[in-house]
Amino acid sequence: MVVFIGKKITAKASADKARELWGTVCGCAGILLNLALCAAKLFAGVVSGSVAVTADAVNNLSDAGSSVISLAGFRLAAKKPDREHPFGHGRTEYISGLIIAFVIMLMGFELAKSSVSKIITPEAVDFTWVAVGILCASVAVKLYMFFYNRRVGKMIGSASLAATARDSLSDCISTLASLASLFVMKLWNVNLDGYVGVCVALFILWSGFSAAKDTVGPLLGNPADPELVEAIKTRVMSFEGILGVHDLVVHDYGPGRCMASLHAEVSENSDMVSVHEQIDLIEKTLSEELACGIVIHMDPIAVDDIELMDVKTAVCAIVGSWDGDFSVHDFRMVRGEKRTNIIFDVVVPFDSKLTTAEVCGALELAVKGIDPRYVAVINVDRPFH
């Protein structure tokens with residue numbers, strides 16, 4: 001068993017190392033290619049006198065800086081957990097992706113300012129085949145970087161590389177627009193340089209906003225992957241003695257680093273020592289199979305209380321008739337001489353048209369309608385997946 005666990009740890013460490021290596025390669029390639037493109041486009045901008053081409057060169061310089069940020073993000077994310085960060089540093093990648101997004105938007109804003117200035121005070125733009133050749137080569141290089149970063153980003157699940165890929169695509173479009181403005185000037189003697197610059201700036205701003213949205217989500221806390229949620233539920237329910245699963249929460253600490261907690265329902269008549277051993281087995285099995293830390297809380301429930309089951313069936317029927325993913329769990333009955341408390345949790349979806357007060361009010365009336373001695377004690381939950 002020790003050998004088996006050791007293999008698991010080794011495999012995880014190898015995957016993390018490979019991920020860091022891919023990030024390093026992409027980061028270094030981005031730095032070198034963008035610096036080369038920046039130098040070439042600066043030359044083309046000076047030769048042609050085009051503000052759009054010159055701004056495109058500055059954009060490539062910012063891309064090189066973004067690649068430095070991405071590279072630093074991968075190196076920091078690969079650091080091992082420590083006392084201050086016991087869950088590792090994986091979210092550093094999200095932070096680096098967010099910084100890249102802000103750099104993209106800053107470049108878009110600066111390009112918009114210079115382009116508006118060119119519209120107000122237009123300057124002559126010279127058509128040269130040298131500039132055309134440089135811009136065509138730039139489009140080819142940026143297309144390569146887009147496909148490469150997108151493929152690697154999907155392969156290793158990197159938000160930072162996804163943002164870099166999106167930036168490369170926006171660079172292709174901005175360069176093509178600059179190229180088109182040169183040909184329009186050559187063929188019809190119409191100076192569209194400033195207008196093209198504004199259009200390119202707006203596209204770059206949109207691209208930066210989209211990249212920021214993609215990286216802010218994981219930092220704030222996105223819903224868990226539905227496939228992972230279903231896999232956890234299905235696998236837990238496959239073990240003997242598990243009657244239900246609820247309150248499943250998945251915590252994301254960066255690509256490849258997650259933990260999940262859930263409540264597993266078992267019969268209150270079960271031997272608690274045996275059930276505890278079963279829960280330990282489930283935690284260990286799922287941690288190994290899904291590469292996700294699992295913590296399970298055991299909820300004993302009554303399975304042979306006919307009165308309780310009748311009330312639960314009635315409540316579930318009411319909840320099931322509402323639009324939305326409502327559910328009920330942790331159903332208990334505490335009997336007294338003059339009143340009987342019906343205690344349960346109800347999960348209210350975030351997009352429910354019913355308010356919490358309306359939900360509780362309807363269920364309280366329904367429980368009271370079954371038997372005047374019944375008093376509903378309701379705890380409202382929200383879904384975390």
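Excluded from the calculations below are hydrogen atoms, water molecules and symmetry mates; all remaining heavy atoms, backbone and side chain alike, are included.
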Quiz item: Distance-only, no hydrogens or angles: does the T175 side chain make a donor-acceptor pair with backbone N or O of D171 under 3.5 Å?
Solution: yes
Practice problem: Given side-chain contact (heavy atoms from CB on, under 4.5 Å), test M298 with V275 step by step and report yes or no. | Solution: CA-CA 8 Å; M298 178 179 62; V275 172; 2.9 Å; yes
Exercise. Write down the atom of I134, the atom of K41, and the distance for their closest heavy-atom approach.
Key: CG2-N, 4.1 Å
Quiz prompt | Inter-residue atom distance H251.NE2 - S261.OG, 0.5 Å rounding | solution = 4.0 Å
Quiz item: Got a second to check how far F209's CZ is from F102's CZ, nearest 0.5 Å?
Solution: 10.5 Å
Quiz prompt | L161 side chain near Y148 side chain, heavy-atom distance below 4.5 Å | solution = no
Self-check item: Beyond-backbone contact of E268 with I301, side-chain heavy atoms, under 4.5 angstrom
Solution: no
Quiz item: Within a strict 4.5 Å, meaning less than it, do heavy atoms of the L354 and V348 side chains meet?
Solution: no
Exercise. Kindly compute the distance separating CE (M259) from OH (Y253), expressed to the nearest 0.5 Å.
Key: 6.5 Å
Quiz item: Are N269 and D304 linked by a side-chain donor-acceptor pair shorter than 3.5 Å?
Solution: yes
Practice problem: List for me each residue that meets side-chain hydrogen bond (donor to acceptor under 3.5 Å, both in side chains) alongside D371, sequence neighbours excluded, and say none if there are none. | Solution: R373
Quiz prompt | Greater than 12 external heavy atoms within 6.0 Å of F239's CZ | solution = yes
Self-check item: Donor-acceptor contact present, side-chain S352 to main-chain P349, <3.5 Å
Solution: no
Quiz item: Between M333 and T340, does a side-chain contact (heavy atoms from CB on, under 4.5 Å) hold up when you go through it step by step?
Solution: CA-CA 7 Å; M333 178 179 286; T340 297; 3.3 Å; yes
Quiz item: Hey, is the main chain of P300 close enough, under 3.5 Å, to the side chain of E265 for a donor-acceptor pair?
Solution: no
Self-check item: Same cluster (ILVMFWY, side-chain, under 4.5 Å), L363 and L308
Solution: yes
Quiz item: Between K142 and L37, is any pair of side-chain heavy atoms under 4.5 Å apart?
Solution: yes
Quiz prompt | Closest contact, heavy atoms only, V152 versus C26 | solution = CG1-SG, 3.8 Å
Quiz item: Q278 side chain to E240 main-chain N or O, any donor-acceptor pair under 3.5 Å?
Solution: yes
Self-check item: Check: S270 main-chain N/O paired with S274 side-chain donor or acceptor under 3.5 Å
Solution: no
Quiz item: When you look at CZ of F43, are more than 12 heavy atoms from neighbouring residues, nucleotides or ligands closer to it than 6.0 Å?
Solution: no
Quiz prompt | From W129 atom CH2 to C136 atom SG, the distance as rounded to the nearest 0.5 Å | solution = 8.5 Å
Exercise. Decide yes or no on side-chain hydrogen bond (donor to acceptor under 3.5 Å, both in side chains) for K154 and N149, but give the supporting numbers first.
Key: CA-CA 8 Å; K154 287 182 177 180; N149 284 309; over 6 Å; no
Quiz item: With a 4.5 Å limit on heavy-atom distance, are the side chains of V359 and V380 in contact?
Solution: no
Quiz prompt | Under-4.0 Å salt bridge between K368 and E364 | solution = no
Exercise. Please check if the side chain of E288 supplies one atom and the backbone of T285 the other of a donor-acceptor pair under 3.5 Å.
Key: no
Quiz item: What distance separates L286 CG from E289 CD, expressed to the nearest 0.5 Å?
Solution: 6.0 Å
Quiz item: When you look at NE2 of H297, are more than 12 heavy atoms from neighbouring residues, nucleotides or ligands closer to it than 6.0 Å?
Solution: yes
Self-check item: Hydrophobic cluster identity match, F146 and L176, side-chain contacts under 4.5 Å
Solution: yes
Exercise. Considering non-hydrogen atoms only, spot the tightest contact between S267 and V303 and give its length.
Key: OG-CG2, 3.5 Å
Exercise. Starting from the C-alpha separation in whole Å, work towards a yes-or-no answer on side-chain contact (heavy atoms from CB on, under 4.5 Å) for F344 and K312.
Key: CA-CA 9 Å; F344 59 90; K312 181 179 180 180; over 6 Å; no
Quiz item: Are N341 and R339 linked by a side-chain donor-acceptor pair shorter than 3.5 Å?
Solution: yes
Exercise. State, to 0.1 Å, how close L243 and V266 come at their nearest heavy-atom pair, and which atoms those are.
Key: CD1-C, 3.9 Å
Quiz item: In Å, rounded to the nearest 0.5 Å, how long is the span from CD1 of I282 to OG of S287?
Solution: 11.5 Å
Quiz prompt | Flag side-chain contact, heavy atom, 4.5 Å: L228 against V250 | solution = yes
Quiz item: Quick one: does I279's side chain get under 4.5 Å of I242's, heavy atoms only?
Solution: yes
What donor-acceptor contacts under 3.5 angstrom involve side-chain atoms of residues 322-331, with partners at least two apart or in another chain?
{"residue": "H329", "atom": "ND1", "partner": "H246", "partner atom": "NE2", "Å": "3.4"}
{"residue": "H329", "atom": "NE2", "partner": "D381", "partner atom": "OD2", "Å": "3.2"}
{"residue": "D330", "atom": "OD1", "partner": "H246", "partner atom": "NE2", "Å": "3.3"}

Practice problem: Report, as yes or no, whether the 6.0 Å neighbourhood of atom CG on L187 holds more than 12 heavy atoms from other residues, nucleotides or ligands. | Solution: yes
Self-check item: R335/E307 salt bridge by N-O under 4.0 Å criterion
Solution: yes
Quiz item: Do I343 and Y374 share a hydrophobic cluster, counting only Ile, Leu, Val, Met, Phe, Trp and Tyr and linking them when any side-chain heavy atoms are less than 4.5 Å apart?
Solution: no
Quiz prompt | Ion pair check, D305 and R332, cut-off under 4.0 Å | solution = no
Quiz item: Are L281 and V236 in one and the same hydrophobic cluster, where Ile, Leu, Val, Met, Phe, Trp and Tyr link if side-chain heavy atoms are under 4.5 Å apart?
Solution: yes
Quiz prompt | Minimum heavy-atom distance P218-T215, with the two atoms named | solution = CD-O, 3.3 Å
Quiz item: Transitively linked via ILVMFWY side-chain contacts under 4.5 Å: I378 with V367?
Solution: yes
Quiz item: Are any of the side-chain heavy atoms of D252 and N222 separated by less than 4.5 Å?
Solution: no
Quiz item: Under the side-chain contact (heavy atoms from CB on, under 4.5 Å) criterion, do V249 and L262 qualify, and how do the steps go?
Solution: CA-CA 6 Å; V249 182; L262 59 94; over 6 Å; no
